[in-house]
Amino acid sequence: MDLKLKIHNSLSKKKELFTPINPGFVGLYVCGPTVYGEPHLGHARPYITFDVLYRYLDHMGLKVRYVRNITDVGHLEDELAGTGEDKIAKKARLEKLEPMEVVQTYTNSFHDKMDMLNNKRPSIEPRASGHIIEQIEMVKQIIANGLAYEVNGSVYFDVMKYHEDHNYGELSGRILEDLIAGAGEERRTLEGQKEKRNSVDFALWKNASPEHIMRWPSPWGIGFPGWHLECSVMSAKYLGETFDIHGGGMDLLFPHHECEIAQAKGATGKNPVNYWMHNNMITINGKKMGKSLGNFITLSEFFSGDHKSLEQAYSPMTIRFFILQAHYRSTVDFSNEALQAAEKGYNRMVNAKNTLNKLVHPGNEKAGNENAEAAILALCERCFDHLNDDINTAQVLAELFEVSSKANAYQNKQADIAELSLSTFDKMRKIFNLMFTDILGIRDESTADQGGEKLDGVMNLVIDIRKSAREKKDWDTSDKIRDSLNELEINIKDGKEGTTWN
RNA sequence: GGUCGCGUGGCCGAGCGGUUAGGCAGUGGUCUGCAAAACCUCGUACGGCGGUUCAAGUCCGUCCGCGACCUCCA
């Protein structure tokens, strides 16, 4: 099939037509979380963004191998004292847990939250700690190529040497001379800085001090792998030395992804990634929500509403809808008002979806209104155009809102469903469901959808009783039923065609 | 300080050379026992100042404001 998907490549800073290396197959790697804390709103964004990409590629008939790692070792934490303690190890010490216990706890939580957000699980979810041998091998290769050096049991990547034949900064736009010149006073105190030939060099392998908990033997002594190595190693192992798409948050662009490129080229000489994609940040009061500022709200807190900044609980689908209403490369600012707007929009669209799926078309093969017919057909096409234009989910949702209005109008007889031909109506319904459910990955959280047959039966009975009451103008009974159901979060709507609920 | 990005109506957010984004809130209607929902209607926005162009939120310059990265971060 002819691919028309254009994606913004961070490497060229342009939208490029996506062409997979192997026709029909796509290798997709997304940087996963470091599992040392509860996942927060910021984590929702990349995984929803790339989930939609994954779903869309899949819809187009491509066989996608989606690899997303779990970082359970390796990130150094630069304490003020400069001890360079591993994040996982630090958390373990603070919580008096085994490091792997910490890892498991937060990995489980991460999985739970991702499931709730309706993100599909990746094809492979490798852990850094399970690939120590491969990481050591890659370090050896880079040393053999003369682009890394060992000092006191640690191995550093020689950026200056690499830059002689390559361009360190090709992704981030950094200029090496500026990086060296711009090294501030505060950075001089960081662990290992004095061992490096140059301040811009980064660790591939770090010597472990005796009190360091996570440690592995290596040709350079007991230690642990460096910051950026795992992604290079695991992407190469499962997707090949050069693969199609690498995604992640913009905050990872430098140094993490820049270093990945350098490591990969330093090891294999090959460009590791054809298309780099970066999602923008979620902000709170205009500032990036993240660990370092401590201004994050966890997904659990959103789902329960249990946080001082939250006026209410927000469901997983409200969060998903909220994120999808903005383009992935724009920042999106959190606020209660914005989330409440997303919640209402989401509810409106879900209700419209259910309405649409229950509509019965009279079956006319000719459109009653050629203009309406043409408009709907054009709208259907535009949904795909928007996705092809760098996954513009905001525009897709705008189109689906148009369909929602139509569906409601047909239901209420405020517009004639026969204005569309049967085939166009079917197409509209099919594409709405495809976009909403399959590609945008939005799930129906309403009671009606989850109550099952028994609830349906009960509700039919209740509505029938209420109908009798209403016919007798027994408004007390009628309103009592409505109010009581409301308390159970079941809403009654009296329409022309009878009463419905959700 | 360096590199990059952003500033759109009350709020959130698409668009990025000429045509309605959309959602939420608000206005006025229709419907309705009441309510809710729904549908229709209305608002005419693109930080300031210059410039390019027949035509500019949309391109260029400049100024102001904000942010990201340069240290772990999605």
Side-chain angles (χ1 to χ4, degrees), chain A residues 13 30-34 36-37 39-50 71 74-79 87 169 172-175 177-179 181-184 186-187 190 200 227 247-256 278-283 286-293 296 321-322 325-327 329-335 337-349 351-352 355 386 389 392-402 404-415 470 473-475 478-479 482-483 486 491-496 500 502:
Chain A
K13 296 181 176 61
V30 176
C31 286
T34 304
Y36 65 111
H40 59 78
L41 219 214
H43 292 101
R45 175 98 109 141
Y47 306 126
I48 288 172
T49 297
F50 293 106
T71 297
H75 281 305
L76 276 187
E77 192 156 279
D78 297 305
E79 301 290 283
K87 278 198 172 179
S172 61
R174 285 304 124 130
I175 294 154
E177 290 70 36
D178 292 347
L179 286 172
E186 66 277 13
R187 282 201 276 158
L190 295 186
V200 292
W227 298 261
M250 268 183 189
D251 49 353
L252 299 179
L253 205 141
F254 189 88
H256 186 56
H278 291 94
N279 63 277
N280 215 136
M281 300 293 104
I282 288 181
T283 59
K287 292 260 196 314
K288 173 183 160 185
M289 181 183 282
K291 278 278 174 193
S292 30
L293 288 172
F296 61 92
F321 201 85
F322 172 66
Q325 270 194 297
H327 185 88
R329 283 191 291 113
S330 301
T331 53
V332 60
D333 197 52
F334 155 82
S335 71
E337 216 181 349
L339 276 176
Q340 282 157 15
E343 180 180 52
K344 288 185 180 173
Y346 163 72
N347 285 331
R348 191 158 104 79
M349 199 175 280
N351 290 337
T355 300
H386 297 319
D389 184 17
N392 196 329
T393 55
Q395 296 260 232
V396 174
L397 282 174
E399 302 292 356
L400 297 189
F401 271 115
E402 296 296 320
S404 298
S405 293
K406 275 283 184 190
N408 285 323
Y410 294 149
Q411 168 68 19
N412 296 341
K413 306 284 189 243
Q414 284 151 329
R470 292 180 72 210
K473 299 201 189 301
D474 178 2
W475 310 127
S478 163
D479 290 351
R482 186 171 67 196
D483 295 344
N486 232 314
N491 301 309
I492 290 284
K493 287 185 277 191
D494 297 323
K496 272 186 180 161
T500 57
N502 64 55

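Each chain gets a letter, A, B and so on, in the order the sequences are listed, and its residues count up from 1. Only heavy atoms go into these numbers, but all of them, side chains included; no hydrogens, no water, no symmetry mates.
Only the C1' atoms considered, B:A14 is 15 Å distant from B:G7, to the nearest whole Å. The separation of B:U52 from B:C60, taken at their C1' atoms, amounts to 7 Å, rounded to a whole angstrom. Here the separation of B:G57 from B:C16, taken at their C1' atoms, is 8 Å to the nearest Å. Going from the P atom of B:U8 to that of B:C49 covers 16 Å, rounded to whole Å. Straight-line distance between the P atoms of B:G47 and B:C34: roughly 46 Å, to the nearest whole Å. Taking the C1' atoms as reference points, B:U44 lies 15 Å from B:G26, given to the whole Å. With C1' as the reference atom, B:A21 and B:U58 are 14 Å apart, rounded to whole Å. Comparing B:A25 with B:A38, their P atoms are spaced 9 Å from each other, to the whole Å.
In this model, no side-chain donor or acceptor of A:D333 finds a partner on the base of B:C6 within 3.5 Å. The base of B:G33 sits within donor-acceptor range of the side chain of A:D479, with an N or O pair under 3.5 Å. For B:C24, its base never sits under 3.5 Å from the side chain of A:K344 at any donor and acceptor pair. A donor-acceptor contact under 3.5 Å is formed by the side chain of A:K288 with the base of B:C73. The base of B:A38 has none of its N or O atoms less than 3.5 Å from a complementary donor or acceptor on the side chain of A:R348. Remark: the A:R329 side chain and the B:C6 base include no donor-acceptor N/O pair separated by less than 3.5 Å. You'll find a donor-acceptor pair under 3.5 Å spanning the side chain of A:S478 and the base of B:G33, going by distance alone.
In the set B:G13, B:G15, B:C34, B:G15 carries the atom at the smallest distance from any side-chain atom of A:N392. The listed nucleotides are B:G33, B:C39, B:A14; the one nearest the side chain of A:R482 is B:G33. Residue A:T34 has its side chain nearest to B:A74 when only B:A74, B:C70, B:A38 are considered. When distances run from any side-chain atom of A:Q395 to the nucleotides B:A21, B:A74, B:G23, the shortest one goes to B:A21. Taking only side-chain atoms of A:A338, from C-beta outward, the nucleotide of B:C12, B:U30, B:G22 with the closest atom is B:C12. Residue A:Q414 has its side chain nearest to B:C39 when only B:A36, B:C73, B:C39 are considered. Checking B:G23, B:A74, B:A14 against the side-chain heavy atoms of A:P46 singles out B:A74 as nearest. For A:A394, whose side chain is taken as the heavy atoms from C-beta onward, the closest listed nucleotide among B:G2, B:A14, B:C24 is B:A14. Picking from B:A68, B:C34, B:A74 the nucleotide with the shortest atom distance to the side chain of A:D494 gives B:C34. Here the side chain of A:E402 is nearest to one of B:A74, B:A38, B:G22, namely B:G22.
Side-chain contact check for A:I282 versus A:T331: every heavy-atom pair is 4.5 Å or farther apart. A:D494 places a side-chain heavy atom less than 4.5 Å from the side chain of A:R470.
Separating the CD atom of A:E343 from the C1' atom of B:C12 is a distance of 15 Å, rounded to the nearest angstrom. B:A37 atom P lies 11 Å from atom CG of A:N351, rounded to whole Å. Distance NE2 (A:H256) to P (B:C73): 7 Å, rounded to an integer number of Å. If you take CD1 of A:I282 and P of B:C6, they are 19 Å apart, rounded to a whole angstrom.
Side-chain nitrogen and oxygen atoms of A:T331 include none within less than 4.0 Å of the OP1 or OP2 phosphate oxygen of B:C6. The side chain of A:N408 contributes an N or O atom lying less than 4.0 Å from OP1 or OP2 of B:C39. Between A:S405 and B:A38, a side-chain N or O to OP1/OP2 separation shorter than 4.0 Å is absent.
For B:G50, the base adopts the anti conformation, since its glycosidic angle falls more than 90 degrees from zero.
At a threshold of 4.0 angstrom between heavy atoms, the contacts of A:G248 are confined to the sugar-phosphate backbone, with no base atom among them. Within 4.0 Å of A:I492, counting heavy atoms only, lies at least one base atom of the nucleic acid.
Toward the 5' end of RNA chain B, the nearer of the two residues A:A398 and A:S335, judged by each one's closest nucleotide, is A:S335.
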